[in-house]
Amino acid sequence: MLLSESPWSWCLFTAVETLTVVLQVLVLPGLPAEEPFLDSSFNVMGSPEGRFHFAIDRGGTFTDVFAQCPGGHVRVLKLLSEDPANYADAPTEGIRRILEQEEGVLLPRGRPLDTSRIASIRMGTTVATNALLERQGERVALLVTRGFRDLLHIGTQARPDLFDLAVPMPEVLYEEVLEVDERVVLYRGEPGAGSPVKGRTGDLLEIQQPVDLEALRGKLEGLLSRGIHSLAVVLMHSYTWAQHEQQVGTLARELGFTHVSLSSEVMPMVRIVPRGHTACADAYLTPTIQRYVQGFRRGFQGQLKNVQVLFMRSDGGLAPMDAFSGSRAVLSGPAGGVVGYSATTYHLEGGQPVIGFDMGGTSTDVSRYAGEFEHVFEASTAGVTLQAPQLDINTVAAGGGSRLFFRSGLFVVGPESAGAHPGPACYRKGGPVTVTDANLVLGRLLPASFPCIFGPGEDQPLSPEASRKALEAVAMEVNSFLTNGPCPASQLSLEEVAMGFVRVANEAMCRPIRALTQARGHDPSAHVLACFGGAGGQHACAIARALGMDTVHIHRHSGLLSALGLALADVVHEAQEPCSLSYTPETFAQLDQRLSRLEEQCVDALQVQGFPRSQISTESFLHLRYQGTDCALMVSAHQHPATACSPRAGDFGAAFVERYMREFGFIIPERPVVVDDVRVRGTGRSGLQLEDTPKIQTGPPHVEKVTQCYFEGGYQETPVYLLGELGYGHQLQGPCLIIDNNSTILVEPGCQAEVTDTGDIRISVGAEGPSMADTRLDPIQLSIFSHRFMSIAEQMGRILQRTAISTNIKERLDFSCALFGPDGGLVSNAPHIPVHLGAMQETVQFQIQHLGADLHPGDVLLSNHPSAGGSHLPDLTVITPVFWPGQTRPVFYVASRGHHADIGGITPGSMPPHSTTLQQEGAVFLSFKLVQGGVFQEEAVTEALRAPGKISGCSGTRNLHDNLSDLRAQVAANQKGIQLVGELIGQYGLDVVQAYMGHIQANAELAVRDMLRAFGTSRQARGLPLEVSAEDHMDDGSPICLRVQINLSQGSAVFDFTGSGSEVFGNLNAPRAITLSALIYCLRCLVGRDIPLNQGCLAPVRVIIPKGSILDPSPEAAVVGGNVLTSQRVVDVILGAFGACSASQGCMNNVTLGNARMGYYETVAGGAGAGPGWHGRSGVHSHMTNTRITDPEILESRYPVILRRFELRPGSGGRGRFRGGDGVVRELVFREEALLSVLTERRAFQPYGLHGGEPGARGLNLLIRKDGRTVNLGGKTSVTVYPGDVFCLHTPGGGGYGDPEDPAPPPGSPPLFPAFPERGSVFEYRRAQEAV
């Protein structure tokens, strides 16, 4: 949760003075006024006598103050973060109130506070996060190496949402760009190269062009004259050669720029794109933070000169306020909560691993702690990728304010939120129905426990009536569907509907927890659930039970845990620098020298802050990876002491191998290990600790009242207890409610709560009872099964990624895993790689028909043939039929499809531009038993993979070891799917699971039928026919024709591709499965919201594809180009027929470079098509691909090329009322002789515009020879290139939409109920999976 909120926090933004008093002494009925705030149950030790220590969490809505007072007692306080009518700054006001109350002296507001009694102030703040979310930071200009002005706009070139045709993406943070005339490249000793210089990584570099400071001076002065005073400087290879950035920074400061962020200082790591985003964020946010800090200082005498003031950073460490920067501040608030439970729950539960569960109003934060903080070094917040150490806090869009919907037979929770205003329906401001309303209807929230601060006048109690009324409207939709839908069923009561939404919300929150644990090889059931945040206590028991956890721990100050974490946190100073050494005995001395130097920097910095050496500890890290891979791990050797064969700092090699094996299930002992970065984390121990004094119980627990709460099966009498009146040893049987001053804890039936000797609540969670589900359609169970089926496919993918060895699968994540019903129909497919959608279903169903009864337990099948549902030969599909006791036929199937880097053929990579037969593209498997009777058929599959070598001009697989390893990983992933479905069957029964496989397919069918009816109805209302058509062409003139006939009454359609061109002699033929994948992709885009992607999507559709055409070629036709190019044209034709948007670039721009020493492949972005209401996005991949492009610095360091230009191609998007997106220009200078191959389209036919919009520009492939000769290469060719030659790629633009003479309407206001942006490693994994 990026904004710290309780479940009723949003309503408090405009509170008046009387409310501030309420919050200051927030007292619940029957709770002594002193109890919540004057709690002497523990002391914080180690502070100077007679002085105050403050720990303050300034959240988006509330500010929590945790104060250790002279004498050791503690005071806590909660007040509004924004209340300008009463105070200017909440943390200052909190300190003023506590000083006033403790010392009994009136301290007038507005007068600077005396600091003589204040020893320290620690603060976590969402100031940076809010500025990033709301785009309210400093005006910034970006200074970047010439040729890269649009690099950060293009980014990785992947789009964040596969199915959103508008391609919404966060805008860049900078306002202007200046290109700097300078260039540094890695030294390769070419003739004519100057003398090399040595970078700080140890690499040799060539200064091709020094910085032209004089040319830059006038441009910088122009920026100042336009009011821009903050700069981000991002130059190529500055991670190792920082001198050019330093020269630019010196000039800028001399000219008067108030803030300059040099990427080489902000985060000196290789990869210019994330480093550039980080530098921009730093320049954008740091001035905002500095202004806040200066304003905070002014509230104190002497501007806090003699007070230790520390701010929480994103990595969980404290830093002096002068060193608190924007790029390290975005998780300042949430980090305190992780530190809080790590310092309390983890130790109190005997060192058992802990999952942190922080559920607030708009979102939920999930994290893990098992003795050390889990950091990530690159993550996105509010659409900005930051390359900096951050705690791995995963934010999911499910909170108390998440909205509730019923869509096409599914219960849906979020991601839209009720927001700060109007809030949930119960707030009396006309808000939508939310999770909070559902809990209120179920009796799990008590209105009497909330102050009267709701309604327009903020003077009324929570309104259960408003919640019921809002939920009744949804219940009417549910019951209408149950009565009139495809499977009539009994109607649901209002409480059953509310319970259904709560259960679906719980399952949505379980998915990231499963991913977070199982992704790293951990069992979620072996963890304790540490619950904090205002809304989590209502869901903790259900979450823990669903995950198999037996313990929930809720700290007595759970509503203030972030502030408590600040009090317990350590001061941290980190030093890091890039490296390019191998991890070998020859380099150990150099590594030790570097680590010693960084350790000295950390110790010096902490001693300057007043820490004696005895309180300072350091931990050394090496960022290690196997050579030739991108999967680097930041490894500490603290559990691996030095040996005779390691650096003095520790045995990092052993630590790396151990962690690699744990996370990925294998090691690569024959590969060298490379050091990318060296890092030291210095920690100044604060000496603060908790000294717990047990609260003694005085008789049985006092029942404040008895209420009625709804659970499965109906209402139950539920005692209500006040946490402040409970003592050590009290045990409470569920169901019951425990009311705290900040939250409500629900102890469910079958669970037992006890008060620990520290006053915390520990809940023992009972096992989940037997399922009451049957085979009849229940929309609540349908929604839960939808999550469970998707979770199975996701977890299969995690196992495949962990255990695979190749770069394509392990790092590029080019794979899909799926679950199929007994008829081979797709049930769930995750994540959604467009070109795999639906295609695997054809593969599974082919095997069922082909093998018939020849399927036995212990068999695993392998297939890639286009006529058997394959896409192209490198995509190998492994299928496992699953048998169940008492069943003679498989009861379901699991499958995984992975892109293998090479399976033989006429060219390395098995993607030849000039193949004319299937055999030239590699090894072919029609129906091959990879495992037979439980035995892996290694000899037979090896022979098959080498078979292409028997064909003239072809080779067998060039990487047999990786093929076999990845095939085993696919078998293992399938085995995981079998285990998970087996658990599901064990819980619900085979008949119920199979029934819901059918129900979930029917649900997808219903969504598509609804869309087709809506489309047909819209045309009918405008007097248009129910038949639409479109035609487009491949560059060789082959037509792709489509005629769609809508049946309005049935909500069905016939998609007829008759008239499409004949099979072609080249490789642009697209197997039938590719056309079906493109069709499912388009249907999902047209539906416009999340639906299960399965066989049901095609049920309302009859597809006619003529045999022998380019879309259903003969079995031996070459198909590699059809997979990557023709698929795009099929999408253009379908979307054109529906008038959904103009054509996007319609190409993947495949570029391959290779020689005997190396091979490289990339696809390049272009322009997206405009549509009704949006301009096309420039420089992005579209439709059937979403490949990330190699970072320029990685490209130049690993391959013999220089990237001379990579920027947008202005004017290439078609004109229109809404403009098409621009393509890009990409120029590669070659440094070695190599073979260049291009496989591209849209070089002859332009991407069409719609409704008067103009077409986008064609693409162009140019080769500029070293002697100056320019050659047009055409769309498809292979050519030998030599050092000094330049390949210039101009990618197509997108088509425009609407008449260019019609003015585009002004941008609309943002939606009232925005979706909450997710973040964290689970989100990054899913985003990477969708970008392959």
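Residue numbers count from 1 along this sequence. Computed from heavy atoms alone, side chains included, the values below leave out hydrogens, waters and symmetry copies.
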Would a distance-only check, ignoring hydrogens and angles, find a side-chain to backbone donor-acceptor pair under 3.5 Å from [X] to [Y]?
X	Y	result
D150	L1208	yes
D1222	G1213	yes
E245	S263	yes
S332	T125	yes
T156	R1188	no
H259	S230	no
Q387	P274	no
R328	A388	no
D392	V376	no
S261	A232	no

Output the distance between atom [atom1] ([X]) and atom [atom2] ([Y]), rounded to the nearest 0.5 Å.
X	Y	atom1	atom2	value
R1205	C1288	CZ	SG	6.0 Å
R58	T126	CZ	OG1	6.0 Å
L1228	L1203	CG	CG	6.0 Å
L595	T618	CG	OG1	9.5 Å
L310	R122	CG	CZ	6.0 Å
Q246	W241	CD	CH2	9.5 Å

Do R226 and E175 meet the salt-bridge criterion of a basic N to acidic O distance under 4.0 Å?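 So E175 does not pair with R226 through a salt bridge.
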Below 4.0 angstrom, N of the basic side chain to O of the carboxylate: do D322 and R297 qualify?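 The answer is yes: the pair qualifies as a salt bridge.
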If the test is salt bridge (charged side-chain N to carboxylate O under 4.0 Å, His left out), which one of R183, R1204, R1231, R188 qualifies with E1196?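 Exactly one option meets the salt bridge (charged side-chain N to carboxylate O under 4.0 Å, His left out) with E1196, and it is R183.
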Decide yes or no for [X] and [Y]: does some side-chain heavy atom of the first lie under 4.5 Å from some side-chain heavy atom of the second?
X	Y	answer
V273	I154	no
T258	P287	no
Y583	V635	no
Y292	M321	no
D677	C579	no
D1285	K1266	yes
Q157	V1180	no
R1226	I1189	yes

Any ring pair (Phe, Tyr, Trp, His ring centres under 6.0 Å) involving residues 178-220? Give me the pairs, sequence neighbours left out, ordered by first then second residue.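 Sorted result for residues 178-220: empty, none.
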If you take all heavy atoms of [X] and [Y], which pair is closest and at what distance?
X	Y	result
Q1145	V1164	NE2-O, 3.4 Å
S314	A335	O-CB, 4.3 Å
E265	P268	O-CD, 4.2 Å
V260	R253	O-NH2, 3.5 Å
Y284	R135	OH-C, 2.7 Å
T1190	L1195	CG2-N, 3.8 Å

For the residue pair [Y] / [X], report whether a side-chain donor-acceptor contact shorter than 3.5 Å exists.
X	Y	value
E182	T145	yes
S238	R275	yes
D676	H623	no
T1163	H1181	yes
N1149	T1291	no

Check side chain to side chain donor-acceptor pair (under 3.5 Å) between E206 and all other residues, then give those that pass, not counting sequence neighbours.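 In terms of side chain to side chain donor-acceptor pair (under 3.5 Å), with neighbours along the sequence ignored, E206 is linked to no residue.
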Just wondering, more than 12 heavy atoms not from R313 lying within 6.0 Å of its CZ?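 Count over threshold, so yes.
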Does K219 NZ have over 12 foreign heavy atoms under 6.0 Å away?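 Yes, enclosed.
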Are D203 and S580 close enough, and set up right, to give a side-chain hydrogen bond (donor to acceptor under 3.5 Å, both in side chains), and what steps lead you there? CA-CA 7 Å; D203 290 313; S580 61; 3.0 Å; yes
Please name the residue in the list E600, Q601, Q607 that meets the side-chain contact (heavy atoms from CB on, under 4.5 Å) test with V603.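 Going through the options one by one, the only one that passes is Q607.
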For a side-chain contact (heavy atoms from CB on, under 4.5 Å) with L598, tell me which candidate from E577, R679, E574 qualifies.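 Exactly one pass, corresponding to E577.
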For F1230, all residues meeting ring pair (Phe, Tyr, Trp, His ring centres under 6.0 Å), sequence neighbours excluded: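 Partners of F1230 by the ring pair (Phe, Tyr, Trp, His ring centres under 6.0 Å) criterion come out as none, since no residue qualifies.
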Check the angle between the aromatic planes of Y239 and H237 and answer parallel, tilted or perpendicular using the 30° and 60° thresholds.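 Y239 and H237: tilted rings.
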Mind telling me whether Y1160 and Y1199 have parallel, tilted or perpendicular rings, with 30° and 60° as the class edges?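 Rings of Y1199 and Y1160: tilted, 30 to 60°.
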